[in-house]
Amino acid sequence: MSLIPYALVRPFLFGMDPEAAHDFTMNTLAKGQGTPLQLAWSAPMVHDPITLAGLPFPNRVGMAAGLDKNARCIDALAAMGFGFVEVGTVTPKAQPGNPKPRMFRLPAAQGLINRLGFNNDGLKAFIANVKKSTVRAQGKPLLLGLNIGKNAATPIEDATNDYLICLEGVYPHADYVTVNISSPNTKNLRALQSDEALDALLGAIAAKRETLAAAQGRRVPIFVKIAPDLDEAQVQVIAATLQRHGMDGVIATNTTLSREAVQGLPHAEEAGGLSGAPAFEASNQVIRQLRAALGPGYPIIGVGGIMSGEDAAAKIRAGADVVQIYSGLIYAGPGLVRDAAKAIRALR
């Protein structure tokens, strides 16, 4: 288990501005990975294998995209015991994201609000960082997901081109690729979830994937990440569109725009996506609707509000095959990875 209890570290981190704490943490992980410092957060992986979309997941707990936007800390995150790590969202060009402050804690609700806006160093730097990771080359079991998006300056009618540029760039390096169409912090991005826009985007992505697969002799699974702020009819249309275009799975869900669960709390009315415990039920509802629409065999990655092992098990019971965490890592620390993996394994 990790050498330093998170209960000792959290007050220090929570005494900092949320984004400053995030940057400090990522810098520490990046510098410490592959050195003795990594023992501070390392834990043995819980063995709980499952095959999804043809991929051998060593366990059913993953790191959600958004924490490591530039793919700097893949090996450090792998050391926490994750079965899979998803990094990004990456866009073709570097961009600073939205003005600061843009990240807010809601500790009374175990929630976070962010309006970061796909801040990242761009595709070239992202791929260079992915290549620096050594954990998979060393033969350690880990799947790597690469999450792609569009630049803020790209008009929504040209969004498909950004996704195709990113898909081509990350394809040789990914175990799976995630198409992020659900961040609330890039103007009009969620419009890509609408019927015609989604149909056109996924059609283009599917065609590009076939070209890349033929050229590289390897068919990389593609997942699509959707929002929790959808009604059942919208979920059904999305489910049908995913299947029609041969997408390999769905990630449910991104952050929510709803503030129903945090009304009256400090920062509750800040613009952006709300994550953490307040997003738990909304995510589970979409997962249940997706499972009903997609049937028993279609891969669903469940994410949103997992703060404990029991939360992770509940996500599986709602219909997810595997889960991801992010905000729970901030509130509960790296021990949550092992707790979640053991709770899910106990369901077998």
Side-chain angles (χ1 to χ4, degrees), residues 26 29-30 33-34 51-58 62-79 82-95 118 120-151 154 158-181 201-225 242 245-251 299 301 322 324:
M26 300 312 293
L29 293 177
Q33 60 190 352
T51 299
L52 280 181
L55 297 173
F57 287 74
M63 180 72 238
L67 182 77
D68 188 6
K69 292 178 181 294
N70 292 308
R72 296 170 59 217
C73 304
I74 295 167
D75 294 359
L77 293 168
F82 286 109
F84 60 111
V85 169
E86 187 173 320
V87 293
T89 298
V90 66
T91 56
K93 300 174 183 176
Q95 60 180 28
F118 288 171
N120 75 102
D121 294 338
L123 183 60
K124 185 177 179 180
F126 182 85
I127 293 170
N129 287 337
V130 170
K131 287 180 176 179
K132 291 175 187 174
S133 170
T134 62
V135 63
R136 292 185 298 164
Q138 293 170 1
K140 296 177 182 177
L142 180 82
L143 293 179
L144 181 63
L146 304 181
N147 184 303
I148 61 175
K150 69 171 279 291
N151 279 114
T154 301
D158 297 331
T160 295
N161 195 47
D162 275 14
Y163 285 98
L164 297 181
I165 290 168
C166 287
L167 178 60
E168 183 168 3
V170 305
Y171 193 90
H173 312 289
D175 290 312
Y176 70 89
V177 176
T178 297
V179 179
N180 187 350
I181 54 171
L201 175 63
L202 296 189
I205 286 173
K208 183 70 169 180
R209 193 244 307 258
E210 295 310 312
T211 301
L212 293 167
Q216 300 181 27
R218 175 172 167 264
R219 191 175 191 275
V220 175
I222 296 177
F223 288 71
V224 178
K225 188 167 186 176
L242 294 173
H245 290 292
M247 297 294 106
D248 299 274
V250 60
I251 301 181
I301 299 177
V322 298
Q324 291 177 328

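Between Leu146 and Tyr176 the shortest side-chain heavy-atom distance does not fall below 4.5 Å. Contact annotation: the side chain of Tyr163 approaches that of Lys150 to within less than 4.5 Å [non-hydrogen atoms, C-beta and beyond]. Side-chain contact between Ile148 and Thr178 is absent, with no heavy atoms from C-beta onward closer than 4.5 Å. Using a 4.5 Å cut-off on side-chain heavy atoms (C-beta onward), Arg209 and Val220 make no contact. Residues Leu67 and Met26 have side chains in contact (heavy-atom distance under 4.5 Å, counting atoms from C-beta outward). Counting only heavy atoms from C-beta outward, the side chains of Phe126 and Lys69 never approach each other to under 4.5 Å. Taking the side chain as every heavy atom from C-beta outward, Val179 and Leu167 never approach each other to under 4.5 Å. A heavy-atom distance below 4.5 Å is not found between the side chains of Val224 and Ile251.
The two residues Ala71 and Val130 have their closest heavy-atom pair at CB-CG2, 3.7 Å. In this structure, Gly169 and Leu123 approach most closely via the heavy-atom pair CA-CD2, 4.2 Å. Of all non-hydrogen atoms in Gly149 and Pro92, the two that sit nearest each other are O-CD, 3.9 Å. Ile74 and Asp68 make their closest contact through N-OD2, 3.6 Å (heavy atoms, listed as atom of the first residue, atom of the second, distance). Closest heavy-atom contact between Arg219 and Ala213: CA-CB, 4.0 Å. Nearest heavy atom pair, residue Val85 against residue Ala78, reads CG2-N, 4.3 Å.
Atoms CG and OG, on Leu142 and Ser133 in that order, are 7.5 Å from each other to the nearest 0.5 Å. Taken to the nearest 0.5 Å, the CG atom of Leu212 stands 5.5 Å off from the CD atom of Gln216. Note: Leu52 CG to Ile301 CD1 = 7.5 Å, rounded to the nearest 0.5 Å. The CD1 atom of Ile222 lies 5.0 Å from the CE atom of Met247; values are rounded to the nearest 0.5 Å. Separation of atoms CG (Leu144) and CG (Asp175) is listed at 6.0 Å; rounding is to 0.5 Å. A distance of 5.0 Å separates CG in Asn151 from CG in Asp162, rounded to the nearest 0.5 Å.
Residues passing the side chain to side chain donor-acceptor pair (under 3.5 Å) test with Asn147 are Glu86, Thr89, sequence neighbours excluded. Evaluation of the side chain to side chain donor-acceptor pair (under 3.5 Å) rule for Lys93 yields no partner, not counting sequence neighbours.
Of the possible polar contacts, one joining the Tyr171 side chain to the Arg218 backbone as a donor-acceptor pair under 3.5 Å is found. With hydrogens and angles disregarded, no donor-acceptor distance shorter than 3.5 Å links the side chain of Gln324 to the backbone of Ala64. Looking only at distances, no side-chain donor or acceptor of Gln95 sits under 3.5 Å from a matching main-chain atom of Gly122.
Applying the side-chain hydrogen bond (donor to acceptor under 3.5 Å, both in side chains) test to residues at least two apart or on different chains, none of the pairs has a partner in residues 122-131.
Using a 4.0 Å cut-off between a side-chain N of Lys or Arg and a carboxylate O of Asp or Glu, Arg72 and Asp121 do not qualify as a salt bridge.
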Full working for side-chain contact (heavy atoms from CB on, under 4.5 Å) between Phe57 and Thr51: CA-CA 6 Å; Phe57 287 74; Thr51 299; over 6 Å; no
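Asn120 and Thr91 share a side-chain donor-acceptor pair at under 3.5 Å.
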